[in-house]
Amino acid sequence: MDREPSVSDEDDDLETLVPQNHTKPPSPSSRSRASFSISGFRPALPSSATSLGRVLWSRRYLLICVCLPVLFIILFFSLGGASSLPASIRLPSASPAADLASSRMREAELHALYLLRSQRSGLLSLFNRTAAPEPTNSSTAAPVSLSDLQAALLSQIKINREIQEALLSTHHSGAGNATEDALDLDLPGPGCRRRELPYNRRTIEWNPKKNRYLFAICLSGQMSNHLICLEKHMFFAALLGRILVVPSQKVDYQYDRVLDINHINECIGRKVVITYEEFVDKRKKVSIDQFICYVGSPPCYMDEDHIKKLKSVGISMGKIEAAWPEDAKLKEPKKRYAADITAKFTTDAEVLAVGELFYADAEEEWMMQPGGPLAHKCRTLIQPSRLIMLTAQRFVQTFLGGNYIALHFRRHGFLKFCNVKKESCFFPIPQAAGCILRIIEKANAPVIYLSTDAAGSETNLLQSLIVFNDRQVPLVRRPEHEGSEKWDALLYRKHMGGDDQVEAMLDKTICALSNVFIGSSGSTFTEDIFRLRRGWGSMSYCDEYLCQGEPPNYIAELE
């Protein structure tokens with residue numbers, strides 16, 4: 001390709017050519033000699049003849065200069081004017097269609113220029129908001145949040161789309177916009193980014209009255225069911241203005257090993273929850289003054305064994321009554337509201353016991369909102385103890401890293417449980433693997449944390465099928481304790497290692513800290529993880545139940 005000559009190139013050419021044509025300027029003496037010699041050769045003519053010749057000569061050229069253009073104009077019009085010229089040298093005429101197209105193009109360019117200036121202004125504003133402030137006392141600018149950054153970037157992408165539309169608008173044929181759909185394709189979807197917490201929660205203040213207590217009765221299922229039951233007791237205690245008494249470990253789980261009870265009181269800003277031991281210290285006589293069943297008829301799902309446990313710790317009970325006796329024949333309890341609860345459970349008794357609340361359908365939408373229904377200054381009230389939180393974080397740092405998917409794969413006893421439901425939730429291993437691979441593709445995570453009670457034969461088959469981009473995605477499970485590994489040292493130092501409930505809560509915490517969580521539909525273990533993720537703001541747009549929205553591709557017959 002030819003290169004345009006630079007200044008130095010031109011100088012080189014001049015240096016080459018100048019010597020070939022260079023002559024010295026004549027001196028003054030030589031100029032005078034040349035002038036003298038030329039004049040010497042002029043013919044000697046009379047002065048009058050010379051003047052007349054000059055006049056005729058000049059007028060002849062004047063006549064020629066005037067006549068030739070006039071003659072050309074006469075010939076041009078006599079031959080048909082511009083129509084007689086060849087088309088190749090004819091001047092283009094400005095038609096109305098060309099004027100319209102030119103006007104539209106100019107208008108589109110001006111609009112695109114305006115949008116580009118708007119985009120530049122928006123990007124500069126975003127840059128100034130994300131730039132680190134100068135270390136001065138006058139700097140009060142708050143750092144931009146991730147949600148604001150994403151919204152601003154999306155706005156700039158939309159402006160870019162408008163610019164493309166403006167520039168392409170002059171090339172559209174017909175009335176339809178052929179590029180609108182194509183331009184929408186490059187707008188980003190939610191992907192697997194985290195869901196934003198709502199700014200306004202519907203909450204109730206928890207202001208307990210002096211010497212008024214609510215004794216929690218939770219009987220159904222395992223620890224996850226009891227935690228859901230305990231959360232509903234907290235809501236009831238706030239509505240009724242009472243202090244919640246956590247059950248004794250002799251009749252229930254040892255909650256203070258898995259929960260941070262002091263955290264609840266700190267978040268509320270006052271003493272609203274006490275342990276059974278604190279309750280005993282405050283009262284000389286430990287008794288339940290009134291016992292009301294929320295669902296069913298007495299004894300509120302309590303069997304003889306549980307009643308004996310209550311009596312063994314010195315708790316005496318009066319008569320047990322039902323809040324809604326008419327609900328005893330129903331398969332599922334009716335939906336209740338805050339006004340129903342206060343109307344049925346408001347009493348002057350100092351110690352009120354309410355149970356079983358796991359099945360209570362009371363203000364479910366209010367209960368399910370991120371952070372729960374109670375006014376507090378933390379992300380969530382019921383959360384793992386500090387030791388469990390630190391151990392989970394150390395495990396993540398050791399084995400998983402900052403980008404991982406968590407999978408709760410419930411299998412033990414789940415086949416029969418799911419198949420009696422209207423829509424079965426027990427999936428064949430190959431189908432489950434396909435559903436997991438779809439999430440891996442969206443989340444682009446290199447590893448999966450597996451929380452499961454499945455047999456090794458099932459997990460081995462599942463692992464063999466989890467292959468993405470010709471690479472096996474490892475399923476990581478918590479290993480057995482080894483003294484050489486330090487990630488779980490805190491639990492064993494406090495003699496909490498090996499406890500089934502502590503390890504179950506540790507599993508939940510690791511799952512709740514993940515970028516994406518896949519749960520088992522129908523499992524309260526999964527629901528408690530979703531509760532933590534809602535409260536912590538760690539839920540993503542890819543969180544879902546395993547194979548959500550599709551039935552198992554094979555279902556066995558019932559017995």
Side-chain angles (χ1 to χ4, degrees), residues 201 203-219 223-283 286-292 294 310 313 315 338 341-342 345-347 349-358 360 362-363 366-367 371-389 501-502 505 508-509 528 531-532 535-536:
R201 290 191 302 122
T203 60
I204 180 176
E205 295 288 339
W206 191 353
N207 296 308
K209 302 169 188 174
K210 186 178 181 181
N211 297 327
R212 291 295 181 270
Y213 303 94
L214 177 65
F215 199 92
I217 301 292
C218 297
L219 307 168
M223 171 64 89
S224 297
N225 297 39
H226 286 231
L227 292 178
I228 294 172
C229 175
L230 194 65
E231 184 182 25
K232 293 180 179 181
H233 271 95
M234 291 168 57
F235 180 53
F236 274 52
L239 288 173
L240 301 173
R242 292 178 174 271
I243 297 173
L244 180 65
V245 181
V246 177
S248 168
Q249 63 180 4
K250 295 180 180 180
V251 298
D252 204 337
Y253 293 106
Q254 190 173 352
Y255 289 102
D256 58 355
R257 288 175 71 86
V258 297
L259 297 181
D260 192 344
I261 295 177
N262 289 330
H263 168 80
I264 299 173
N265 294 320
E266 291 171 358
C267 292
I268 297 294
R270 60 188 70 89
K271 195 78 169 180
V272 293
V273 179
I274 60 174
T275 64
Y276 177 77
E277 291 70 25
E278 289 176 304
F279 174 68
V280 172
D281 292 341
K282 287 178 176 292
R283 297 177 61 82
V286 181
S287 63
I288 295 175
D289 300 323
Q290 191 172 357
F291 196 150
I292 304 177
Y294 182 88
L310 289 174
V313 296
I315 297 176
I341 296 167
T342 54
F345 295 92
T346 298
T347 175
E350 288 190 11
V351 182
L352 170 67
V354 176
E356 156 77 53
L357 291 184
F358 172 73
E363 298 286 4
W366 199 356
M367 293 287 296
L374 305 179
H376 58 84
K377 57 185 179 182
C378 303
R379 293 185 297 177
T380 187
L381 288 178
I382 299 180
Q383 70 174 28
S385 67
R386 180 65 177 165
L387 284 176
I388 293 177
M389 282 289 295
Q501 301 308 322
V502 171
M505 183 58 76
K508 289 181 183 179
T509 308
D528 203 36
R531 177 190 63 81
L532 284 173
W536 291 347

How close do [X] and [Y] get, heavy atom to heavy atom, and via which atoms?
X: N265; Y: V273; result: OD1-N, 3.0 Å
X: I217; Y: A353; result: CG1-CB, 4.2 Å
X: E278; Y: I274; result: OE1-CA, 3.3 Å
X: G535; Y: T380; result: CA-CB, 3.9 Å
X: I268; Y: H376; result: CD1-CB, 3.9 Å
X: R242; Y: Y213; result: NH1-O, 3.0 Å

Look at the aromatic rings of Y294 and F345 and report parallel, tilted or perpendicular, splitting at 30° and 60°. parallel
Give me the ring orientation class for F279 and Y276: parallel if the planes are under 30° apart, tilted from 30 to 60°, perpendicular past 60°. tilted
Given the rule in the side chain to side chain contact (heavy atoms under 4.5 Å, CB included) test, do Y255 and M223 qualify, once you have shown the distances and angles that lead to the verdict? CA-CA 9 Å; Y255 289 102; M223 171 64 89; 4.3 Å; yes
Say whether, by atom type as modelled, one donor and one acceptor occur between the side chain of [X] and the main chain of [Y] under 3.5 angstrom.
X: R270; Y: W206; answer: yes
X: H233; Y: V354; answer: yes
X: K232; Y: A360; answer: yes
X: R379; Y: L532; answer: no

Going from [atom1] on [X] to [atom2] on [Y], what distance comes out if it is rounded to the nearest 0.5 angstrom?
X: M505; Y: L387; atom1: CE; atom2: CG; value: 13.0 Å
X: I341; Y: L240; atom1: CD1; atom2: CG; value: 8.0 Å
X: L357; Y: M234; atom1: CG; atom2: CE; value: 12.5 Å
X: I382; Y: I261; atom1: CD1; atom2: CD1; value: 10.0 Å
X: D289; Y: R212; atom1: CG; atom2: CZ; value: 9.0 Å
X: L310; Y: F291; atom1: CG; atom2: CZ; value: 7.5 Å

Can you check whether [X] reaches [Y] side chain to side chain, under 4.5 Å on heavy atoms?
X: P384; Y: K508; result: no
X: E363; Y: P373; result: no
X: E231; Y: R531; result: yes
X: L230; Y: L244; result: yes
X: L259; Y: L227; result: yes

Take I204 and F235 through the test side chain to side chain contact (heavy atoms under 4.5 Å, CB included) and record every step on the way to the result. CA-CA 9 Å; I204 180 176; F235 180 53; 4.3 Å; yes
Hey, mind stepping through Q383 and H263 against side chain to side chain contact (heavy atoms under 4.5 Å, CB included) and telling me if it holds? CA-CA 8 Å; Q383 70 174 28; H263 168 80; 3.6 Å; yes
Under the side chain to side chain contact (heavy atoms under 4.5 Å, CB included) criterion, do V502 and V258 qualify, and how do the steps go? CA-CA 6 Å; V502 171; V258 297; 4.2 Å; yes
